[in-house]
Number of protein chains: 2
Amino acid sequence: MLSNSAALDEKDISFSISDLAREFGVTTRAIRFYEDEGLLSPGRSGRQRVYTSRDHVRLKLIVRGKRLGFSLSEVREIIEMYDLDSGESGQLRYFLEQIKKRREALKQQRHDIELTLDELDSIESECKHRLSALS
Amino acid sequence: MLSNSAALDEKDISFSISDLAREFGVTTRAIRFYEDEGLLSPGRSGRQRVYTSRDHVRLKLIVRGKRLGFSLSEVREIIEMYDLDSGESGQLRYFLEQIKKRREALKQQRHDIELTLDELDSIESECKHRLSALS
DNA sequence: GACTTAATTGACGTTTACGTAAACGGAAAC
DNA sequence: GTTTCCGTTTACGTAAACGTCAATTAAGTC
């Protein structure tokens, strides 16, 4: 079964702390900090941290969340949505609520971005207009 | 001249600090802080601050920028783009550079938002699927 | 096996963006 | 005329998110 062995392979990928730091453009200090905050949970080989592909995914979510201006605790909430370990219906309904709120916030952000992009456009053309008037 | 008098009217609108606080959902403390940081520059009537429509616009930019996760100094940079007081060509070229960078960053953010929204969609449907399996 | 290099741990420092408390000033309501 | 409400000023406090530094250790390299 090819796909199965490929899946196994993927699970077996591991990363050092500097691998991750390089790939995502964050410092090792930050990565350890995220661990302190419970966002990452690497294994150990001796004293050295060994990160799995699960950590890799989580770190990707962290940096993306940061780019969107989310705090680490907001990022934590988002990450927790990805681990749907609970099958209880109350929990599931709660999650659906959270998802709804996140989506609304993200759409607000997207709207803010559109507004800002439009304004940048008009500032830019004003700028270019003045430039051409100078020559 | 109707349009002219309308323009004059607009310029004459003024706001108290609590007007602005209510409208934008920020504290008066925050508004004074923005003034300390040079982002707002209200007039005075005795000791009391009087905000013009210019301050109103700026505060709108500030809260929008905050929603997008920008720091106050980033917001300052954006605001400065709006006051094109300099007509020098070097300055104008510099502004065009800044505008380009901002636009790239905003587009990256928008992309991050699309990714996250898509993922929320699939988490949601997984969630709903499990819910229906419970009943 | 000395040297260098990468990683860890712990502790303290720093910046940003306000919050909070105290003490005071005017003005409006009763 | 005093209570009440805004607003102001000054100053100290604080939470978040790391940075920085020092001491230690482990792992390769020559």
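Just so it is clear: chains get the letters A, B, ... in the order the sequence lines come, proteins before strands, and each one is counted from 1.
Using a 4.0 Å heavy-atom cutoff across all strands shown, Thr28(A) reaches no nucleic acid atom at all.
For the pair Thr116(A) and Leu106(B), the tightest heavy-atom approach, listed with the atom from each and the gap, is CG2-CD1, 3.7 Å. The two residues Ser45(B) and Val50(B) come nearest to each other via the heavy atoms CB-CG2, 3.7 Å. Residue Arg102(B) comes nearest to Ile78(B) through the heavy atom pair NE-CG1, 3.5 Å, listed as atom of the first residue, atom of the second, then distance.
Remark: Tyr94(B) pairs with Gln98(B) by the side-chain contact (heavy atoms from CB on, under 4.5 Å) rule, at least two apart or across chains. With sequence neighbours excluded, the residues that form a side-chain contact (heavy atoms from CB on, under 4.5 Å) with Arg110(B) are Arg110(A), Ile113(A), Glu114(A), Leu117(A), Lys107(B), Glu114(B). Residues passing the side-chain contact (heavy atoms from CB on, under 4.5 Å) test with Arg22(B) are Ser18(B), Asp19(B), sequence neighbours excluded.
Summarising the geometry, atom CD belonging to Glu124(A) is positioned 10.5 Å from atom CE belonging to Met81(B); distances are rounded to the nearest 0.5 Å. To the nearest 0.5 Å, atoms CZ (Phe15(A)) and CD (Glu23(A)) are separated by 6.5 Å.
Between chain A and DNA chain D, the heavy-atom contact criterion of under 4.0 Å yields a 5' to 3' nucleotide range of dA17(D) to dT20(D).
In this structure, Glu35(A) pairs ionically with Arg44(A), as a charged nitrogen and a carboxylate oxygen lie closer than 4.0 Å.
A close approach under 4.0 Å does occur between a side-chain nitrogen or oxygen of Arg44(A) and OP1 or OP2 of dT9(C).
Aromatic ring pairs are classed by plane angle as parallel below 30°, tilted from 30° to 60° and perpendicular above 60°; the pair His56(B) and Phe24(B) is tilted.
Gln48(B) has its CD atom 8 Å from the P atom of dA27(C), to the nearest Å.
Sorted by residue number, the members of residues 30-43 of chain B with any non-hydrogen atom under 4.0 Å from DNA chain C read Ala30(B), Phe33(B), Tyr34(B). Residues from residues 56-78 of chain B placing a heavy atom under 4.0 Å of any atom in DNA chain D do not occur.
Ranked by how close their nearest DNA chain D nucleotide is to the 5' end, Asp19(B) and Arg29(B) are led by Asp19(B).
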